[in-house]
Amino acid sequence: MSVEVGQKVTGKVTGITHFGAFVELPENQSGLVHISEVSDGFVKDINSVLSVGQEVEVKVLTIANDGKISLSIRQANENKTEERPQRQGFRKGSDNQSSEPRFKKNFDGVSNENRNFPNKFGNQNTNHNNNRQTSDFDQLMSNFLKDSEERLTSIKRNTEGKRGGRGGRRS
């Protein structure tokens with residue numbers, strides 16, 4: 001009886017590595033159970049779950065052309081365990097998710113459209129259209145340039161002495 005993909009067989013763990021465990025199958029065949037296929041949860045150390053000589057039931061996932069057999073203990077035990085409870089939280093199509101688009105409203109129930117956040121022009125968001133004049137834009141640009149120049153001057157003043165420029169102390 002040779003193993004086939006999808007078949008569940010019983011085998012014996014013959015070796016353990018940091019990436020998985022080798023399992024001896026019937027007819028002197030062997031396969032690898034990757035560490036991600038050992039358990040439903042995260043497995044940091046495979047030695048805490050499996051030991052050499054342990055009998056395990058595995059499911060054959062793939063058989064490569066070169067004869068390498070990929071196995072899974074996790075999938076072999078799926079039907080044996082009880083139905084796991086669903087995780088709490090928002091799931092697509094769940095009852096606890098509203099019909100509104102996701103992230104439409106913030107935690108306090110106020111949508112972003114109704115908040116007074118500054119827009120990219122520095123004006124407050126409003127629900128009506130304002131007639132913006134070019135002088136508003138010119139004023140905003142001049143304020144931006146003035147503020148930018150002040151910041152650059154401050155940065156230059158603070159870093160010049162540290163680099164030893166223009167008479168800075170040297171030790």
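Between Ser148 atom OG and Met141 atom CE the span is 10.0 Å, to the nearest 0.5 Å. The OG atom of Ser142 sits 8.0 Å away from atom CG of Leu140, with the distance rounded to the nearest 0.5 Å. From Ile46, atom CD1 reaches atom CD1 of Ile16 across 6.0 Å, with rounding to the nearest 0.5 Å. A distance of 9.5 Å separates CD in Glu37 from CG in Asp40, rounded to the nearest 0.5 Å. If you take CD1 on Ile63 and OG on Ser70, they are separated by 10.0 Å, rounding to the nearest 0.5 Å.
Here the closest heavy-atom approach between residue Gly15 and residue Val52 is recorded as CA-CG2, 4.4 Å. Gln29 approaches Val3 most closely through the heavy-atom pair OE1-CG2, 3.3 Å. Nearest heavy atom pair, residue Ser39 against residue Arg74, reads O-CD, 3.3 Å.
With hydrogens and angles ignored, the 3.5 Å screen pairs a side-chain donor or acceptor of Asn158 with a backbone N or O of Ser154. In terms of modelled atom types and a separation under 3.5 Å, the side chain of Gln7 and the main chain of Glu4 share a donor-acceptor contact. No donor-acceptor pair under 3.5 Å is formed between the side chain of Glu150 and the backbone N or O of Asp147. Under a 3.5 Å cut-off, the side chain of Thr17 and the backbone N or O of Gly20 do form a donor-acceptor pair.
Remark: of the listed residues Leu25, Leu61, Val5, Leu25 is the sole one forming a side-chain contact (heavy atoms from CB on, under 4.5 Å) with Ile69.
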Notebook entry, point to check: Going through the checks in order, is the side chain to side chain contact (heavy atoms under 4.5 Å, CB included) test met by Thr14 and Val23?
Noted result: CA-CA 6 Å; Thr14 58; Val23 177; over 6 Å; no
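Within the 4.5 Å cutoff, side-chain heavy atoms of Ile73 are placed close to those of Leu50. For the pair Thr10/Glu55, a side-chain contact is recorded, criterion being any heavy-atom separation below 4.5 Å from C-beta on. With contacts defined as side-chain heavy-atom distances shorter than 4.5 Å, the pair Leu32/Phe19 qualifies.
Both Val58 and Val43 belong to a single network of hydrophobic side chains, linked directly or stepwise wherever heavy atoms of I, L, V, M, F, W or Y lie under 4.5 Å apart. At a threshold of 4.5 Å between side-chain heavy atoms, the hydrophobic network of Ile, Leu, Val, Met, Phe, Trp and Tyr places Val49 and Leu71 in one connected group.
A salt bridge does not link Glu24 with Lys12: every distance from a Lys NZ or Arg NE/NH1/NH2 to an Asp or Glu carboxylate oxygen is 4.0 Å or more.
The local environment of CG in Asn28 is sparse, with at most 12 non-hydrogen atoms from other residues, nucleotides or ligands closer than 6.0 Å.
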